[in-house]
Amino acid sequence: MTLKWLAVVVATVSMTLWATGNVVTLAVNGGQLPLLVNLFVLTTAGTAVILAVVAELHERLNDRISALTEFLVARLNEIENHTGDRNTGFVEGYLLSHGQEAAVVPFGRRGRGAAER
């Protein structure tokens, strides 16, 4: 049972026991339960209701983040499929035209101007 539903059950049982206790006490001796018991039950039920609301909001936020993550992954995969690696064709063409033993040598470092020579 999730936290949300557990909190709903606790709030329902607390309020039912509170109402039943007050009705029985009123019917038997014309009074009500002691103030401390009433406050404890109402505090428990209120806390359980707040906990249930927070758990529901957390669940909704988690669902939205999961949906956003799935959308982002799908979009990135789509972008990757459309772009591909443009340099792969160049390197493969170079190797095919120069034989299997040809080595691919990287370009020199960039940023060296005429003033450094």
Side-chain angles (χ1 to χ4, degrees):
M1 184 179 294
T2 64
L3 180 65
K4 175 179 69 173
W5 291 112
L6 184 64
V8 169
V9 168
V10 167
T12 304
V13 169
S14 296
M15 291 307 295
T16 303
L17 290 175
W18 173 75
T20 304
N22 279 325
V23 167
V24 168
T25 306
L26 179 66
V28 171
N29 58 359
Q32 63 179 2
L33 290 174
L35 181 64
L36 187 62
V37 173
N38 281 334
L39 287 177
F40 176 74
V41 171
L42 292 176
T43 303
T44 302
T47 303
V49 167
I50 291 172
L51 186 62
V53 169
V54 168
E56 174 65 20
L57 291 176
H58 182 270
E59 184 177 331
R60 286 184 183 190
L61 180 65
N62 194 22
D63 290 342
R64 284 189 179 191
I65 289 175
S66 296
L68 181 63
T69 302
E70 290 174 6
F71 171 76
L72 185 60
V73 166
R75 183 68 179 135
L76 289 174
N77 286 336
E78 180 183 331
I79 290 171
E80 181 184 7
N81 290 336
H82 280 71
T83 57
D85 188 1
R86 298 181 190 271
N87 292 330
T88 303
F90 172 75
V91 172
E92 289 175 357
Y94 178 82
L95 290 174
L96 287 175
S97 66
H98 289 84
Q100 291 292 346
E101 65 278 345
V104 177
V105 180
F107 292 123
R109 293 173 53 192
R110 291 187 177 187
R112 293 178 17 196
E116 295 180 12
R117 292 184 185 162

* Could you list who else is in Val49's hydrophobic cluster, with ILVMFWY side chains joined at under 4.5 Å, directly or through other members? => none
* Apart from Ile65 itself, residues in the same hydrophobic cluster as defined by side-chain heavy atoms under 4.5 Å -> Leu61
* **Min side-chain heavy-atom separation Asn38-Asn22 under 4.5 Å** => yes
* Applying side-chain contact (heavy atoms from CB on, under 4.5 Å) between Met15 and each of Val10, Thr44, Leu42, report the one that passes. => Leu42
* Structure fact -> Only one of His58, Glu56, Arg64 passes side-chain contact (heavy atoms from CB on, under 4.5 Å) with Arg60, and that residue is Glu56
* To do: Please name the pair of heavy atoms, one in Trp18 and one in Leu33, separated by the smallest distance, quoted to 0.1 Å.
  => O-CD1, 4.4 Å
* Structure fact -> What one should report as the nearest heavy-atom pair of Ala11 and Ala45 is CB-O, 3.9 Å
* To do: Take Leu17 and Val41, measure what side chain to side chain contact (heavy atoms under 4.5 Å, CB included) needs, and give me the verdict at the end.
  => CA-CA 8 Å; Leu17 290 175; Val41 171; 5.8 Å; no
* **Contacts of Glu59 that satisfy salt bridge (Lys or Arg N to Asp or Glu O under 4.0 Å) - sequence neighbours left out** => Lys4
* To do: Any chance you could measure Asn77, atom CG, to Leu72, atom CG, to the nearest 0.5 Å?
  => 9.5 Å
